[in-house]
Amino acid sequence: MKHLDIDEIIKFHLVFDEFELSKAYYDVFEAIDNEILKNYKALMPKFYFSSDAEQAIKKALIKLAKSDRKRSAIRKILPQTLANKVYAQLFEKEFLFIEKSREQPKIRQKRQAVKKSERRYKIEDKIHFSSHFSRFWFRFIEPNLELLKNGERQKVLDAVKEKFDEYASLGFEMLCGEFIAKILGINGTIFSSFWKKDMELDMFFRINDKIVVGEAKYKEHKVCKNVLNLLLYKCEKLGVKPDLIALFSKSGFSKELKSSKDDRLRLYEIKDFERLLHE
């Protein structure tokens, strides 16, 4: 019997984490077509919300599934009072949860002038869906229900294929955080990302006075040295001196990066995730 390789296992996990498949598949898009697109009417009740704000909730979830997930995202499309109501209901149902920002407020001297752009800037938390399947639904299915109702299933499947890597990048980043946490012996559920105005690190850990940073790329081309250079530039801007640098790539690394003499650097490919299956 054919076995799935680790790349395909990850793809299935990033769509069907809480979904029980009716049979075995060897291609994630075949599974999406048969289990979701052909069966969307039976799945719709899972995403009904017994609320007078149901339409606003779905609009918000579609926005969050495509945006940078900052808490203010839905306040750009809904009035603030309604946005607060939507969040309250979704958090209560545990459909969403919060990843707290680790950015610290700037300490200012008395009477220190503040630039207008800095006055407008607020430290923000980010929002996560509680399951990959729910995020997949609001990224691809809910916005395309009319196409499915009109029998244009192939158009929806084509859209999924076209944007799948973009969709999967967040889930892959989270898996990479889990992977490096296991390697470093960190127990429990954690979030590893760090963000502030105009800057973001996929992974940022402080462990026993050691600093670990990392980036994850879920793309169809090899990661080159410019990714490392940009990461080091970000660290410099943050005043951070990393003790370990972890780069993750779906499609491998350039020869230049593989031949790097930086002894802090660790390169991880998809095949390395097999370690998670055995731990």
Side-chain angles (χ1 to χ4, degrees), residues 1-49 54-55 57-69 73 90 93-96 127-176 178-179 216-221 248-252 269-271 273-274 276-277:
M1 181 179 176
K2 180 181 175 182
H3 293 282
L4 291 178
D5 62 28
I6 189 64
D7 185 22
E8 207 66 26
I9 289 172
I10 287 173
K11 288 177 184 177
F12 272 90
H13 173 70
L14 298 182
V15 177
F16 295 106
D17 60 330
E18 67 168 14
F19 189 101
E20 187 173 344
L21 295 168
S22 65
K23 65 176 187 177
Y25 295 91
Y26 299 108
D27 177 79
V28 72
F29 299 115
E30 180 187 4
I32 289 168
D33 190 26
N34 287 322
E35 300 283 340
I36 301 177
L37 302 188
K38 288 181 181 178
N39 201 35
Y40 77 94
K41 288 182 181 178
L43 295 172
M44 286 175 67
K46 177 178 175 62
F47 302 104
Y48 288 158
F49 297 91
E54 180 173 28
Q55 291 308 308
I57 287 172
K58 290 188 173 182
K59 186 176 181 180
L61 290 171
I62 290 170
K63 175 70 173 177
L64 287 169
K66 294 179 70 174
S67 73
D68 64 3
R69 299 176 293 109
L90 290 170
K93 292 179 179 292
E94 298 184 342
F95 200 88
L96 300 176
I127 307 299
H128 284 275
F129 284 77
S130 295
S131 75
H132 294 303
F133 180 66
S134 295
R135 180 169 165 260
F136 180 87
W137 181 274
F138 284 98
R139 177 64 179 84
F140 294 112
I141 309 305
E142 193 73 33
N144 291 306
L145 284 177
E146 286 303 312
L147 286 176
L148 292 172
K149 290 173 183 177
N150 292 334
E152 299 183 82
R153 197 178 82 240
Q154 188 60 46
K155 280 190 177 180
V156 180
L157 185 59
D158 289 344
V160 172
K161 290 179 178 179
E162 180 185 359
K163 298 293 185 179
F164 188 83
D165 281 5
E166 178 186 298
Y167 157 80
S169 61
L170 171 61
F172 181 64
E173 176 188 319
M174 294 169 71
L175 275 177
C176 293
E178 179 184 340
F179 179 93
K217 300 297 180 185
Y218 195 86
K219 296 183 178 181
E220 291 295 339
H221 55 78
F248 293 82
S249 173
K250 173 189 175 184
S251 303
E269 301 183 34
I270 288 287
K271 63 184 179 182
F273 282 83
E274 292 181 2
L276 291 180
L277 300 179

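Numbering starts at 1 and runs along the sequence shown. As the structure is a prediction and not an experimental result, all values here were calculated from the model.
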- prompt: Okay, side chain of E8, backbone of V28: is any donor-acceptor separation there less than 3.5 Å?
  reply: yes
query: Could you state the interatomic distance from CD1 (I141) to CD1 (I62), rounded to the nearest 0.5 Å?
result: 11.0 Å
message: Just verifying a value: how many Å separate E269 CD and D7 CG, rounded to the nearest 0.5 Å?
response: 11.5 Å
- request: Any chance you could measure I270, atom CD1, to I10, atom CD1, to the nearest 0.5 Å?
  value: 4.0 Å
A73 versus K63, closest heavy-atom pair with distance: O-CE, 3.7 Å
query: Around atom NZ of K58, are there more than 12 heavy atoms of other residues, nucleotides or ligands at under 6.0 Å?
result: yes
- request: May I ask you to decide if E30's main-chain N or O and D27's side chain share a donor-acceptor pair within less than 3.5 Å?
  value: yes
- prompt: Which of parallel (below 30°), tilted (30 to 60°) and perpendicular (above 60°) describes F248 and F172?
  reply: perpendicular
- prompt: Looking only at heavy atoms, which two atoms of H132 and G171 are closest? And how far apart?
  reply: CE1-CA, 3.8 Å
- prompt: Just by distance, with hydrogens left out, do E35 and N39 show a side-chain donor and acceptor under 3.5 Å apart?
  reply: no
query: When rounded to the nearest 0.5 angstrom, what is the spacing between CZ in R69 and CG in L170?
result: 4.5 Å
statement: For R153 and D33 the tightest heavy-atom approach is NE-OD1, 2.5 Å
field: Minimum-distance pair of heavy atoms, taken over all atoms of H221 and S249
entry: O-OG, 4.5 Å
field: side-chain contact (heavy atoms from CB on, under 4.5 Å) between L61 and L90, worked out
entry: CA-CA 10 Å; L61 290 171; L90 290 170; 3.8 Å; yes
query: How far apart are the closest heavy atoms of L4 and Y25, and which atoms are they?
result: CD2-O, 3.7 Å
field: F49 and F138 aromatic ring geometry - parallel, tilted or perpendicular at 30°/60° bounds
entry: tilted
message: I'd like to know whether L175 forms a side-chain contact (heavy atoms from CB on, under 4.5 Å) with L14, so could you lay out the CA-CA distance, the side-chain angles of the two residues, the decisive distance to 0.1 Å, and finally the verdict.
response: CA-CA 10 Å; L175 275 177; L14 298 182; 4.3 Å; yes
message: Is it the case that the side chain of Y167 and the backbone of R135 share a donor-acceptor pair, with hydrogens and angles ignored and the cut-off at 3.5 Å?
response: no
message: Are more than 12 heavy atoms, taken from residues, nucleotides or ligands other than E94, located less than 6.0 Å from that residue's CD atom?
response: no
message: The test is side-chain contact (heavy atoms from CB on, under 4.5 Å); show your working for E54 and Y48 and say whether it passes.
response: CA-CA 8 Å; E54 180 173 28; Y48 288 158; 4.0 Å; yes
message: Tell me whether the rings of F47 and W137 are parallel (<30°), tilted (30 to 60°) or perpendicular (>60°).
response: parallel
task: Measure the spacing between NE2 of H13 and CZ of F273 and express it to the nearest 0.5 Å.
output: 10.5 Å
statement: Distance col, row L64:CG vs F95:CZ, nearest 0.5 angstrom, shows 10.5 Å
Check: D17 side chain, S131 main-chain N or O, donor-acceptor pair, under 3.5 Å: no
- prompt: Quick one: are Y40 and K149 in side-chain contact, heavy atoms under 4.5 Å?
  reply: yes
- prompt: Does the side-chain contact (heavy atoms from CB on, under 4.5 Å) test come out yes or no for K219 and K250, once each step is laid out?
  reply: CA-CA 6 Å; K219 296 183 178 181; K250 173 189 175 184; over 6 Å; no
